[in-house]
Structures are given as C-alpha cells and as structure tokens.
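One structure below.
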Amino acid sequence: MCGIAGFCNWKTDWEKNIRKMNDRMRHRGPDASGIWASEDGSVVFGHQRLSIVDLSENGAQPMQSHSGRFEIAFNGEIYNYKQIAKRLLDEKKVDHFRGGSDTEVLLEAMEHYGVKEAISMCKGMFAIALYDRRSEEVFLVRDRIGKKPLYYWIEGGNLVFGSELKPLMACPGFRKEIRRDVLARFLYQQYINAPDSIFKDVYKLEPGGVLRFHQGEVKKWKYWDIGRVYHRMQERPVENFDEAKRELKGLLKRAVASRMIADVPLGSFLSGGYDSSLMTAIAQENSAEPVKTFS
C-alpha cells in the first residue's frame, strides 16, 4: 500500500502544500516520501512509498519515463509486469530498464502503447496519476474492481486528488461541507459508493474509470465495466459442474501465484476472502476488449 496525491493549477506554496498532503498519508507508505512539480508549478505530484518490488532508489516515485515525456505517481501492483517488460524489450520499444520495478514497466508501456492499451494489458490493482508534458494532460486511472482508492476534488478550475480524503483536507480552502443527501445511504450501507463521497464537490473515481484533466476541463470514461463483462459471459455459460470447479480452482491458483512476486517477505491473512480474490482474478482474466463508455 502506497499513497499518491497531487494537484493542478494550484501554484501558491505548492511545495508546502504537497508536503502537508504527503504527511497526511504517511501511514500508507513509511519507507520513502517523494514530490515532483512541473517547471511552472502548475502540476504537482506526491508519493508515499511502501516498498514491495525493487527496494532501491530505482523504484522511487514520482517517476519519469525514459524520454522525459511522462511523470507518474502510482499506488498498487502490476502482477504481470514481467511479461509486459519482455514485450517492450522484444519489440525494441526500450533497450533496458533502470531497475526492476513494475512502476517503470507501466510507465514505459503507457508511453509506447498509449494509456488505453497499456491499462488494458495490466493485471493488477492500481490507482494512477499520469502527466503528459507534450499534451499537458493529467490522467487519473483506477483498477477494474476499485481495490485501490482514488479521490478527487474540483474547485474553480483546479484539480486536487489523493488516495484518501485526508490529503485533500490538508489543502488550503478545502470546505468540510457534508453532503446531507448521502447520509441515509451511509447509515444504511456503512459506506458511500462511487462516484460520491461524504464531502461536497469531492468524488471517488469509479472502478475501471479514467479521468482526463486538461486546461481546467474534465472528461471521464470507463475502460472496463463489470456489468458488460457479466452479460458477455452469460452468453457462454458454464453448464458442467465439474468444469466450473476446475475453472474456479485454476482462477484461484493463478490469482495467488501472481501475488507472490515481491522483494520483501510475504504473508497471508485468513480474512483475505475467497470472494475478493476471485472477483479480482475474474476481472483480470476478462481484461480484454475494454469498454468504451463516455460521460
């Protein structure tokens, strides 16, 4: 678990503000703290690191692509990053990697294949902030099931985002104005489902969602939708019980095996839940054919 945060068009005291935001999510990543800002201070990223893969400085964030075009702040893990790295090398998109982190592989895949295709290739859990210097666009991306949280606040042409509400609340001018219309939902469900949040003008990026911020304008779309995948799979139902058991066992084995790649000791928890592991595995195995729905 790492933490990401940042803002766009909030030029006043940017360094002081991003350090405050990082401090509010230090518990998410106690191993290292990093900040980055564009040349004019209009785009600022922060990162709190919990080192899992590549413990060296080569895995530190925010991270810049080899060409210098992209900057990324990434929370999560890409389980098939070694396969993506091999493809990048085989196709001579890159001739080497500085380190062994999944962040670097993800960043280079985005540069050479584009954001849409790169995300569709990835199997994992993630919340991503990406800045494209060439187009001056900021992208926020969340994984298919929404295992990694990502909040954003839009105010007067500014965009502020973070892995939690706490870093957003650390920004000057943030109004802790409770949305009364969601209180009944919270009391009934014990949570507030995306895209809403407890605060006014603050939202959660939806699972499988992308947000693009450019010159104060926001556009959102979904690259993957569980409802559409469900209906597509219903067209080819598994009718044999033994076949269903074999497929379920295979999904669980692949899901567990893919999560055992780490440069730190691994552990398991009884409360991990077969249901959540299975949902993630199904989402990963059905990650092709990204859904094109715009809002």
Approximate separation, where rounding is to 0.5 Å, of [X] [atom1] and [Y] [atom2]:
X: Asn17; Y: Phe7; atom1: CG; atom2: CZ; value: 5.0 Å
X: His112; Y: Leu88; atom1: NE2; atom2: CG; value: 6.5 Å
X: Leu130; Y: Arg69; atom1: CG; atom2: CZ; value: 9.0 Å
X: Arg175; Y: Asp201; atom1: CZ; atom2: CG; value: 5.5 Å
X: Ile78; Y: Ile261; atom1: CD1; atom2: CD1; value: 11.5 Å
X: Ile198; Y: Leu183; atom1: CD1; atom2: CG; value: 5.0 Å

>> For a side chain to side chain contact (heavy atoms under 4.5 Å, CB included) check, start with the C-alpha distance between Arg228 and Arg232, then their side-chain angles and the critical distance, and finish with the verdict.
In response: CA-CA 6 Å; Arg228 288 177 179 252; Arg232 190 176 72 236; 5.8 Å; no
Salt bridge present between [X] and [Y] (N-O < 4.0 angstrom):
X: Asp225; Y: Lys222; answer: yes
X: Asp132; Y: Arg134; answer: no
X: Lys204; Y: Asp196; answer: no
X: Asp102; Y: Lys82; answer: no
X: Glu71; Y: Arg133; answer: yes

Looking at side-chain heavy atoms only, is the closest gap between [X] and [Y] below 4.5 Å?
X: Phe70; Y: Ile72; value: no
X: Glu111; Y: Ser67; value: yes
X: Leu205; Y: Tyr151; value: no
X: Tyr131; Y: Glu136; value: yes
X: Ile18; Y: Trp36; value: no
X: Phe199; Y: Phe174; value: yes
X: Val218; Y: Lys220; value: yes
X: Ile128; Y: Ile119; value: yes

Between the side chains of [X] and [Y], does any donor sit under 3.5 Å from an acceptor?
X: Gln61; Y: Thr103; answer: yes
X: Glu104; Y: His66; answer: yes
X: Glu164; Y: His27; answer: yes
X: Glu117; Y: Tyr223; answer: no
X: Ser33; Y: Asn22; answer: yes

Can you check whether [Y]'s main-chain N or O pairs, donor with acceptor, with [X]'s side chain at less than 3.5 Å?
X: Asp143; Y: Lys147; answer: yes
X: Arg142; Y: Gly146; answer: yes
X: Arg144; Y: Ser120; answer: yes
X: Asp31; Y: Ser51; answer: yes
X: Asn158; Y: Glu155; answer: yes
X: Asn9; Y: Gly157; answer: yes
X: His47; Y: Ala73; answer: no
X: Arg28; Y: Cys2; answer: yes
X: Asp13; Y: Lys16; answer: no
X: Ser65; Y: Leu107; answer: no

Which heavy atom in [X] sits nearest to a heavy atom in [Y], and how many Å separate them?
X: His96; Y: Arg98; value: CD2-N, 4.2 Å
X: Ser163; Y: Pro149; value: O-CG, 3.3 Å
X: Leu50; Y: Pro30; value: CD1-CD, 4.0 Å
X: Ile4; Y: Ala129; value: CD1-N, 4.1 Å
X: Leu55; Y: Asp263; value: CD1-O, 3.6 Å
X: Gly76; Y: Lys148; value: CA-CE, 3.9 Å

Establish whether [X] and [Y] are linked, either directly or via other cluster members, by ILVMFWY side-chain heavy-atom contacts under 4.5 Å.
X: Met110; Y: Val94; result: yes
X: Met169; Y: Ile178; result: yes
X: Met25; Y: Val44; result: no
X: Ile145; Y: Met233; result: yes
X: Tyr188; Y: Val182; result: no

> Tyr113 and Met121: side chain to side chain contact (heavy atoms under 4.5 Å, CB included), yes or no, with the steps?
Replying inline: CA-CA 10 Å; Tyr113 300 123; Met121 292 164 59; 3.8 Å; yes
>> Walk me through whether Leu106 and Tyr81 qualify under side chain to side chain contact (heavy atoms under 4.5 Å, CB included).
In response: CA-CA 7 Å; Leu106 171 64; Tyr81 78 97; over 6 Å; no
>> I'd like to know whether CD of Glu217 has more than 12 heavy-atom contacts from other residues, nucleotides or ligands below 6.0 angstrom.
In response: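 Not more than 12 within 6.0 Å, no.
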> If you count the non-hydrogen atoms of other residues, nucleotides and ligands that lie under 6.0 Å from CD in Glu91, is the total more than 12?
Replying inline: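 Result for CD/Glu91: enclosed.
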> Do Leu211 and Lys219 pass the side chain to side chain contact (heavy atoms under 4.5 Å, CB included) test, and can you show the C-alpha distance, the side-chain angles, and the key distance before you say yes or no?
Replying inline: CA-CA 6 Å; Leu211 181 150; Lys219 186 173 185 178; over 6 Å; no
> Is the centre of the Tyr79 ring less than 6.0 Å from the centre of the Phe126 ring?
Replying inline: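 That pair fails the under 6.0 Å test.
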> Below 6.0 angstrom between ring centroids: does that apply to Trp153 and Tyr203?
Replying inline: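 No; Tyr203 has its ring centre 6.0 Å or more from that of Trp153.
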> Going through the checks in order, is the salt bridge (charged side-chain N to carboxylate O under 4.0 Å, His left out) test met by Arg87 and Asp90?
Replying inline: CA-CA 5 Å; Arg87 176 177 169 180; Asp90 289 346; over 6 Å; no
> When you measure from the centre of the six-membered ring of Phe74, is the NZ or CZ of Arg49 under 6.0 Å away and within 45° of the axis?
Replying inline: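 No, cation not above the ring by the 6.0 Å, 45° rule.
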